[in-house]
Amino acid sequence: MEQKHQRGQWGSNLGFLMATVGAAVGLGNIWGFPYKMGTYGGFPFLIVYLALGVLVGFPIMLTELSIGRKVGHSVLVSYRTVGGPMGTLLGFLAMLSPFLILSFYSVLGAYCVEYMFLNGMELLGAGGLSRASGAETFAQILANQPMAIFFTLLFIALGFFIIRGGIKDGIEKFNKIGMPALAIALLIVIIRAVTLPGASEGLKFMFTPNWEPFTTLDGFLEVLSAAGGQMFFSLSLAMGITVTYGSYLSKKESLVKNSLIVILSDTTVAVMAGLAILPSAFALGGEGAELAGPKLLFITMQDVFNSMGAIGPAFGVLFFLFVTLAAITSAIALTEVLVTFILDHQTARGKTPNRGLVVGLVSLAVLAEAVLVAADGLGSNGLWIPFQETGRTLGASWLDFMDFISEGVAMPLGALLMSFMIWAIRPTLVRDEVRQCGQPFSNRLYRYYQFCIYVTCPIGMAFILYGQLRTFFAIS
Ligand code: PHE
């Protein structure tokens, strides 16, 4: 009990939800989901995505929350406690991913802050943004290494000040303001986007049912692995986040309800992000506009704001505020996985940890790797990159390399191991934790959970692993 007290807890279930949805809603929702939905079949993709959410996302999220809350420790100790040596391996994978993801997430977040700043300057009449194309602006930003490093430092420092405040007074407080602000900014951008002349093309791209990818087995498998990989990344699964945030959750709260709310909210924001982006990208982004990844945000969307006239920079500021909020609430969660690990480790060794110091040290370590990614400028500055000579995606930039190890290998492998671990420790552990304090978990739902853990999850996760490796080994 004493230990629990020192670790602190979320102030309320709403606070927990805001923070967990904040972790889930990130760049993946904004530049991954809408494009994949459009490319892989529109509405049918959404159905596949939701089905995977129910068959794989929900049981894994429930498992992570249960293990986190049951053990009440960092992800490594939580997995080790319930899963022995396999749990330890899983714990390490679940800490490696957040650390590596932070290397590029911080730089992408930094670009968002930089764009917000540039649009702000333009609004004040002090910038030359509108005279350059989005592509020119982005090329300059990538090439300007000192500036990129400065904004990366700023982004990490912002996170530092929030996380230093603790679970309740730092992370929860920020998310409780940040997430509603994100929703409002998003709604305003959507209203503008869908009322642009020509917007319907974008909506058609995203929503028109297209059965073509479903007509061959190969096509269908591709849809499955794309939707599965997207779902895992988007829900922040297998990265220690849900275990860590769950470890600060009160026994009184319903894990089933919370898992469902997080999944639904994350998917809703992903669809809404599509409504905010694709109509304008189609209406104003120009011929051959890029519709995915960093180029969608930093080139196409900037072109959209440039072509909106005097009001453009105001929407630019609002839009990049939305993206920055999405990025920082995710970066905070990634950092907290490592911070919680060190704090719990020190407490277990009888020390009284200093949160500020630990957050500072983790932030410095992240800064060190992020500087490399910032200096690399998505591979445009001539830095040496591992596997460069292979011509494959994983050697295209430091970002791709870090992404390969984390999202490509550690995350899906960890996810696959996780289902084997649950086989070994028996799903009853999860059932008993979910039923704490009389929370409902009917026998029928539990049987469904068992079915998912024994059947759908391992199959789904094998697909995800296959899909990720295929992406990274493709010739870029
Ligand atoms: N879920 C976030 C997104 O959709 C990314 C993320 C992954 C954040 C893992 C934290 C951990 O972009």
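Just so you know, ligand 1 is whichever comes first in the structure, and atom 1 is the first atom listed for that ligand.
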Are any of the N/O atoms on [X], whether in the backbone or the side chain, positioned under 3.5 angstrom from an N/O atom of ligand 1?
X: V25; answer: no
X: N29; answer: yes
X: M239; answer: no
X: L235; answer: no
X: G28; answer: yes

Is the closest side-chain donor-acceptor distance between [X] and [Y] under 3.5 Å?
X: T393; Y: D400; answer: no
X: N354; Y: Q346; answer: no
X: R7; Y: S247; answer: yes
X: D303; Y: T300; answer: no

I need the atoms of ligand 1 closer than 4.0 Å to a non-hydrogen atom of [X], numbered in the order shown.
X: S234; answer: 1 (N), 4 (O)
X: L27; answer: 3 (C), 12 (O)
X: L334; answer: 9 (C), 10 (C), 11 (C)

the protein heavy atom lying closest to atom 2 (C) of ligand 1 turns out to be A24 O, 3.4 Å
Quiz item: Thinking salt bridges, do K36 and E222 make one under a 4.0 Å N-O criterion?
Solution: no
Is the backbone N or O of L372 less than 3.5 Å from a side-chain atom of D376, with the two atoms forming a donor-acceptor pair by type?
no
Enclosure of F420 CZ (heavy-atom neighbours >12, cutoff 6.0 Å)
yes
Using a heavy-atom cut-off of under 4.0 Å, does the side chain or the backbone of [X] touch ligand 1, or both, or neither?
X: I241; value: side chain
X: F233; value: both
X: A23; value: backbone

Review point. Is there a side-chain contact between Y248 and E336 (heavy atoms, below 4.5 Å)?
Key: yes
